[in-house]
Amino acid sequence: TETDTHKFQKSLDNNIANKVWRLTIAGEHSVDANEDTRHSLTILVAGLIFSMVVLVFMLMVIDNRKQLASLENVVRRSRDNYRQLLDNVPGVVFRLDLTVNPWRIVMLNNRIDRIAGHSRNEIMANEAFAVDDYIHDDNKDLVKQARTAAIRTGDPYSVEFRVISTGKEIRWFEEQGQTSLNEVTGDREFLDVVVMDITERKANYDSQRKLAFYDTLTGLPNRRLLADRIDHQLVSTDRSGKWSAICFIDMDNFKFIND
């Protein structure tokens, strides 16, 4: 009898989740020309099944790619919204990595140029940049102590310090921060910080304080400042257990001169 022999192999490659998946179906069959046509029907059914498997596989690949694309868009929008939110905060926002010595800035918004005089990209690219470079020398220890105490206790902190701007102008800033824990180890891994310019608020406070505690004509301390200083000293005395004294000096005929 006359026999027809056929070999076939079908492969399909697809990239899913950064991995290459290959579907391969191979086989060999012989058809006797004198055999019953039922063998042809079997071949036809097998071909249909193969086509359905390939179709289902392709649909799964397409659906998977759509899901990956959708997730990528969600992550991209979330990252962009997060970056826009940080840049719109009216102050400097940054994160310090506490696992290295010295501490390094790992996240920073665009407002840093108002303090350091350099853009965010310049600072992030400069590994030699220290986070305290922009703080006045007289206030560096104060800021370091506040941060160290917050890292040790885990409590939030607030500290005020001066900055010499690029225009040689001294401005006041307030820094508030708190540590973030590593979810696995529980260690304090980051210090998240917000720095706000309080120069105008500081000037208004000093002006109001001067009006309240100093004589407008002579500029000398008034009785209200004396009472305030006495209250502070009493609190300090109670805390330390030490004695304090007030010296009263009476000047004869001073009222005549003052009037």
Side-chain angles (χ1 to χ4, degrees), residues 82-83 85-118 120 122-124 126-166 169-206 208-209 213 225 228-244:
Y82 177 69
R83 173 58 61 186
L85 175 64
L86 287 180
D87 290 338
N88 288 338
V89 172
V92 179
V93 180
F94 62 91
R95 165 171 279 191
L96 290 177
D97 185 357
L98 305 179
T99 62
V100 296
N101 188 19
W103 304 333
R104 292 295 303 162
I105 297 178
V106 295
M107 191 280 297
L108 180 66
N109 70 344
N110 288 329
R111 302 278 180 166
I112 186 61
D113 59 344
R114 299 188 178 186
I115 295 181
H118 301 282
R120 182 181 68 89
E122 290 175 338
I123 293 177
M124 295 298 292
N126 182 11
E127 296 183 357
F129 177 82
V131 69
D132 294 340
D133 285 352
Y134 56 85
I135 299 177
H136 194 285
D137 290 339
D138 295 341
N139 299 136
K140 287 185 177 181
D141 289 340
L142 179 66
V143 175
K144 185 176 181 179
Q145 292 173 5
R147 292 173 180 167
T148 303
I151 295 171
R152 183 179 66 254
T153 62
D155 297 330
Y157 73 95
S158 177
V159 61
E160 296 180 359
F161 57 88
R162 291 168 295 169
V163 167
I164 300 180
S165 65
T166 54
E169 177 187 7
I170 296 180
R171 302 190 65 83
W172 279 92
F173 287 85
E174 180 183 18
E175 177 177 308
Q176 298 181 10
Q178 189 170 9
T179 56
S180 298
L181 300 180
N182 185 298
E183 297 180 356
V184 178
T185 63
D187 297 331
R188 296 184 177 92
E189 186 175 11
F190 299 107
L191 182 65
D192 299 323
V193 181
V194 178
V195 182
M196 305 291 292
D197 190 334
I198 60 170
T199 303
E200 294 184 3
R201 189 180 76 186
K202 195 80 172 176
N204 292 335
Y205 172 79
D206 292 342
Q208 294 174 3
R209 185 176 181 277
F213 294 126
L225 180 61
D228 180 74
R229 287 294 181 268
I230 293 176
D231 290 339
H232 281 287
Q233 189 61 35
L234 290 175
V235 173
S236 176
T237 299
D238 292 339
R239 184 184 300 113
S240 63
K242 297 180 180 180
W243 291 90
S244 299

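Worth knowing before you read on, the calculation uses all heavy atoms, side chains too, and leaves out hydrogens, waters and symmetry mates.
When atom types are taken as modelled, the side chain of Asp97 and the backbone of Val106 share no donor-acceptor pair closer than 3.5 angstrom. Side chain of Thr199 to main chain of Trp172: a donor-acceptor pair is present (N/O by atom type, distance under 3.5 Å, no hydrogens or angles).
Separation of atoms CG (Asp197) and CZ (Phe173) is listed at 4.0 Å; rounding is to 0.5 Å. Here CD1 of Ile105 is found 13.0 Å from CZ of Arg95. Values are rounded to the nearest 0.5 Å. Interatomic distance, CG of Leu96 versus CH2 of Trp103, reported as 7.0 Å (0.5 Å rounding). The distance from atom CD of Glu160 to atom CD of Gln176, rounded to the nearest 0.5 Å, is 9.5 Å. Arg147 contributes atom CZ, which lies 5.0 Å from atom OH of Tyr157 (distance to the nearest 0.5 angstrom). To the nearest 0.5 angstrom, Ile151 atom CD1 is 12.5 Å from Asp187 atom CG.
Annotation for Met196 and Gly91: closest pair SD-CA, 3.8 Å, computed over non-hydrogen atoms. Ala150 and Asp155 make their closest contact through CB-O, 3.3 Å (heavy atoms, listed as atom of the first residue, atom of the second, distance). Closest approach of Arg162 and Asn139 over heavy atoms only: N-OD1, 2.9 Å. Nearest heavy atoms, Leu181 versus Arg188: CD2-CG, 3.4 Å. Phe213 approaches Asp228 most closely through the heavy-atom pair CE2-CB, 4.1 Å. The two residues Val194 and Val93 come nearest to each other via the heavy atoms CG2-CG2, 4.2 Å.
A salt bridge is defined here as a Lys NZ or Arg NE, NH1 or NH2 lying under 4.0 Å from an Asp or Glu carboxylate O, and Lys144 with Asp141 fails to meet this definition. A salt bridge does not link Lys202 with Glu174: every distance from a Lys NZ or Arg NE/NH1/NH2 to an Asp or Glu carboxylate oxygen is 4.0 Å or more.
Looking only at side-chain heavy atoms (C-beta outward), Arg209 and Leu225 come within less than 4.5 Å of each other. Val92 is not listed as a side-chain neighbour of Glu175, based on a closest heavy-atom distance of 4.5 Å or more. The shortest distance between side-chain heavy atoms of Val235 and Asp231 does not fall below 4.5 Å.
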